[in-house]
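Structure first, commentary second.
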Protein chains: 2
Amino acid sequence: MPGPPWWYGKFQNAGHRVTLPRQIILGILSRTSKHLSAEEIYLSVHRTYPAVGLTTIYRTLQLLVHLGIVFKFDFGDGRSRYELTASQKQKHHHHLICRRCGRVIDYTDFIEEEREVFNKVEKILSQKYNFKINNHQVHFYGLCDKCQ
Amino acid sequence: MPGPPWWYGKFQNAGHRVTLPRQIILGILSRTSKHLSAEEIYLSVHRTYPAVGLTTIYRTLQLLVHLGIVFKFDFGDGRSRYELTASQKQKHHHHLICRRCGRVIDYTDFIEEEREVFNKVEKILSQKYNFKINNHQVHFYGLCDKCQ
DNA sequence: TTTCTTATTGCAAATGGTTTTCATTATCAT
DNA sequence: ATGATAATGAAAACCATTTGCAATAAGAAA
């Protein structure tokens, strides 16, 4: 798949430079289907590019979230976790979180049906509260099979 | 409304003591409709009971979350916020969060489809992933009227 | 290609919410 | 009333994340 990646334009428009660390980080995010933390990304980057510092990871993630390229999640384990908003590896999904062991399951079941409802709800909420809604997240909390 | 409060049994069953700080904290949570942070609760407690320390607030909240009496939320402002899971003041609701100013709006006026989908999805997910689901949270992210 | 402006980076130090340690206090079963 | 021990408060420790600043590099202009 040649040509510039899909996020390229978002950088240009906002006047941000396409630097090596940023490309590497985006590469990692686009190749995983996990919810990586800043440190995990740092370690992954560090294997091939030891010169990149943890600070850059944090600053880049902050930028990516701001540009709407990445979602930031809190699953309750004391650190933020990040996912691309769009990629081959990441279809739109919601989360099932175990309160005991912290396991997170992505599910896409009924996502279409959910999406229809959410579209409708978003439209209603946008009007009622005069809110410009960009995205949503759904978390179900409970106990996984091993922890019951 | 006389008699012991609804959470009393949960304490007893788990062998936890009903102490003054715990009663005060639960009192505050049951009288508010806001999403209070640990520090806000501390300050509120402190006005009438200056002897209660911040540490106790944290430990109590941790216990309450564990007992399922309180929900812990992360709205992205760098601190956790807490709400009773059940009370006169708190009906089940979802959140609308402004990415810019951090304002959080609760909404409870669900449309029928919304309820149906959640009931259905919850049931199916429980079976498919053998998860015992206790609750869910829904966050819509966007820009509020003032921040657009 | 070379130059120049300035956004970006790395390191170290600072921040700040939350947790831990430990001696003291208070709950509640006996 | 008493005793076992859960709970508490104060201070210190933790640790994910942010900030200050001098050095570096992206990308527009020449």
Between [X] ([atom1]) and [N] ([atom2]), how many Å, whole number?
X: Leu63(A); N: dT17(D); atom1: CG; atom2: P; value: 17 Å
X: Tyr49(A); N: dT24(D); atom1: OH; atom2: P; value: 20 Å
X: Tyr58(A); N: dA13(C); atom1: OH; atom2: C1'; value: 16 Å
X: Ile24(A); N: dT9(C); atom1: CD1; atom2: P; value: 10 Å
X: Phe75(B); N: dG17(C); atom1: CZ; atom2: P; value: 17 Å
X: Leu61(A); N: dT18(D); atom1: CG; atom2: P; value: 10 Å
X: Ile57(B); N: dT19(C); atom1: CD1; atom2: C1'; value: 15 Å
X: Leu36(B); N: dG17(C); atom1: CG; atom2: C1'; value: 16 Å

Starting the side chain at C-beta, find the nucleotide from [options] nearest to [X].
X: Arg17(B); options: dG27(D), dA26(C), dT9(C); answer: dA26(C)
X: His16(B); options: dA12(C), dA7(D), dA10(D); answer: dA7(D)
X: Thr60(B); options: dT19(C), dT9(C), dT8(D); answer: dT8(D)
X: Thr56(B); options: dT19(D), dT18(C), dT8(D); answer: dT8(D)

Margin query: For Val18(A) and Gly15(B), find the nucleotide of DNA chain D closest to each by heavy atoms; which residue's nucleotide sits nearer the 5' end?
Written below: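 So the residue in question is Gly15(B).
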Below 4.0 angstrom from OP1 or OP2 of [N], is there any side-chain N or O of [X]?
X: Thr55(A); N: dT17(D); value: no
X: Ser80(B); N: dT18(C); value: yes
X: Arg22(B); N: dT8(D); value: yes

Notebook entry, point to check: Which sits closer to the 5' end of DNA chain C, Tyr82(B) or Leu20(B), going by the nucleotide each is nearest to?
Noted result: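 The residue mapped nearer the 5' terminus is Tyr82(B).
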Next item on the list: Please figure out whether Arg81(B) or Arg59(A) has its closest DNA chain C nucleotide nearer the 5' end.
Entry: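 Taking each residue's closest nucleotide, the earlier one in sequence belongs to Arg59(A).
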Item checked: Salt-bridge contact Asp145(A)-Arg103(A) (side-chain N to carboxylate O under 4.0 Å) ->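 So Asp145(A) pairs with Arg103(A) through a salt bridge.
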Notebook entry, point to check: Taking NZ, NE, NH1 and NH2 as the nitrogens, is one of them in Lys34(B) or Glu40(B) under 4.0 Å from a carboxylate oxygen of the other?
Noted result: no
Notebook entry, point to check: Got a donor-acceptor contact below 3.5 angstrom from the Thr32(B) side chain to the Ile28(B) backbone?
Noted result: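 A pair under 3.5 Å: no.
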Next item on the list: State yes or no: are the ring centers of His136(A) and His94(B) separated by less than 6.0 Å?
Entry: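 Between His94(B) and His136(A), which both carry aromatic rings, the centre distance is not below 6.0 Å.
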Next item on the list: Identify the residue among Leu64(A), Leu84(A), Val18(A) that makes a side chain to side chain contact (heavy atoms under 4.5 Å, CB included) with Trp7(A).
Entry: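 By the side chain to side chain contact (heavy atoms under 4.5 Å, CB included) criterion, Trp7(A) pairs with just one of Leu64(A), Leu84(A), Val18(A): Val18(A).
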